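Below: the structure, in structure tokens.
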Amino acid sequence: MNQKEAFELFSPLIEQRGKIYFKCSLVYVVCAKEGDYIETWTADGLETTNYANEGDFIVQNIQTESQEKYIVTPDMFFQRYKFFYWSEDGAIYMPTGKVKAVIYDGVDCEFVAKWGRNMALKTNDFIVAPLPDSKEVYRIASKEFYETYEPQ
């Protein structure tokens with residue numbers, strides 16, 4: 001299923017049954033190089049992959065067991081994170097973003113994420129829409145969601 005189909009399928013569910021959560025765990029950030037390839041691994045396996053564009057950031061959750069990495073565009077990055085302190089080769093940022101999320105109770109499947117790559121979706125994962133605009137949906141694995149998000 002493509003992102004448009006996933007959005008049309010999941011956004012009514014998120015709107016009706018979802019709750020607002022904020023990300024509360026620090027992240028390690030480095031500037032990506034054009035073409036950097038990232039695999040996002042969670043406790044239950046490969047979640048997605050992505051290639052960086054010039055100016056993107058590689059973000060790593062440092063307070064989860066999996067310490068998963070993902071690529072964030074500059075616009076999204078500066079909307080969702082604020083500087084905390086410098087680290088050895090990068091910087092530590094505090095998240096400021098919120099999502100509206102609901103537990104997914106369907107069969108395991110995949111859909112195309114906003115960045116054009118397949119994303120796994122498994123039973124008991126969270127399907128989320130970033131706030132305030134909610135113009136996309138993506139998956140956050142259950143274990144990592146509970147390690148990084150708290151209810152508002």
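Keep in mind that what you see is a predicted model, and the values were worked out from it rather than measured.
When hydrophobic clusters are built by joining Ile, Leu, Val, Met, Phe, Trp and Tyr residues whose side-chain heavy atoms come closer than 4.5 Å, directly or via intermediates, W86 is grouped together with F77. The hydrophobic cluster containing F126 also contains L13, counting ILVMFWY residues as joined when their side-chain heavy atoms lie under 4.5 angstrom apart, directly or transitively. Residues M119 and Y70 are members of separate hydrophobic clusters, defined by side-chain heavy-atom contacts under 4.5 angstrom among Ile, Leu, Val, Met, Phe, Trp and Tyr. Under a hydrophobic clustering in which Ile, Leu, Val, Met, Phe, Trp and Tyr are joined whenever their side-chain heavy atoms come within less than 4.5 Å, directly or via other members, W115 and L121 fall into the same cluster. In the hydrophobic cluster analysis, where Ile, Leu, Val, Met, Phe, Trp and Tyr join through side-chain heavy atoms closer than 4.5 angstrom, M1 is grouped together with I140.
Aromatic ring centroids of F10 and Y138 lie 6.0 Å or more apart. Side-chain rings of F57 and Y93 stay apart, their centers remaining 6.0 Å or farther from each other.
Residues that satisfy the side-chain hydrogen bond (donor to acceptor under 3.5 Å, both in side chains) test with Y37, not counting sequence neighbours, are E39. Residues meeting the salt bridge (charged side-chain N to carboxylate O under 4.0 Å, His left out) test with D44, sequence neighbours left out: K122, R139. With sequence neighbours excluded, the residues satisfying side chain to side chain contact (heavy atoms under 4.5 Å, CB included) with M94 are L26, K82, F84. Partners of D133 according to the side chain to side chain contact (heavy atoms under 4.5 Å, CB included) rule, which considers only residues two or more places apart in sequence or in another chain, are K135. Remark: E68 engages N61, T64 in a side-chain hydrogen bond (donor to acceptor under 3.5 Å, both in side chains) (not counting sequence neighbours). For K23, there are no salt bridge (charged side-chain N to carboxylate O under 4.0 Å, His left out) partners two or more places apart in sequence or in a different chain. Residues passing the side-chain hydrogen bond (donor to acceptor under 3.5 Å, both in side chains) test with Q79, sequence neighbours excluded: none. Q152 is linked by a side chain to side chain contact (heavy atoms under 4.5 Å, CB included) to I20, K98, counting only residues two or more places apart in sequence or in another chain. Residues satisfying the salt bridge (charged side-chain N to carboxylate O under 4.0 Å, His left out) test with E5, not counting sequence neighbours, are none. When the side chain to side chain contact (heavy atoms under 4.5 Å, CB included) test is applied to K69, the partners found at least two apart in sequence or on another chain are I38, I58, Q60. Residues that satisfy the salt bridge (charged side-chain N to carboxylate O under 4.0 Å, His left out) test with K33, not counting sequence neighbours, are absent from this structure.
Across all their heavy atoms, I71 and D36 have their closest contact at CD1-O, 3.9 Å. The minimum heavy-atom distance linking Y81 with P95 is given by the pair CD2-CA, 3.6 Å.
No side-chain heavy atom of F111 sits under 4.5 Å from any side-chain heavy atom of N118. For the pair I62 and S25, the minimum side-chain heavy-atom distance is 4.5 Å or more. Side-chain atoms of E34 and Y51, non-hydrogen and from C-beta on, never get closer than 4.5 Å to each other. For the pair E136 and P130, the minimum side-chain heavy-atom distance is below 4.5 Å. Put simply, the side chain of V137 does not reach to within 4.5 Å of the side chain of V128, judged on heavy atoms. The shortest distance between side-chain heavy atoms of E147 and Q63 does not fall below 4.5 Å.
Ring orientation note: the planes of Y149 and F145 are close to parallel, at an angle under 30° on the 30°/60° scale.
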Please walk me through it: do T49 and R117 pass side-chain hydrogen bond (donor to acceptor under 3.5 Å, both in side chains)? CA-CA 6 Å; T49 62; R117 306 289 290 184; 2.8 Å; yes
Working for side chain to side chain contact (heavy atoms under 4.5 Å, CB included), residues T148 and F22: CA-CA 8 Å; T148 57; F22 65 95; over 6 Å; no
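One finds the CZ atom of F7 at 11.0 Å from the CD1 atom of I127 (value rounded to the nearest 0.5 Å). Taken to the nearest 0.5 Å, the OG1 atom of T42 stands 13.5 Å off from the CD atom of Q67.
Of the N and O atoms on the side chains of S66 and E144, at least one donor lies less than 3.5 Å from an acceptor on the other residue. Between R80 and T96, the side chains place no donor N or O within less than 3.5 Å of an acceptor N or O (distance only, hydrogens not considered).
Q3 places a side-chain N or O within 3.5 Å of a backbone atom of V112 that can act as its donor or acceptor partner.
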Taking distance alone, no hydrogens or angles, what donor-acceptor pairs closer than 3.5 Å link side-chain atoms of residues 99-108 to residues at least two apart or in another chain?
residue : atom : partner : partner atom : Å
K100    : NZ   : E15     : O            : 3.4
Y104    : OH   : V107    : N            : 3.4
Y104    : OH   : V107    : O            : 2.6
D108    : OD1  : T123    : N            : 2.9
D108    : OD1  : T123    : OG1          : 3.4

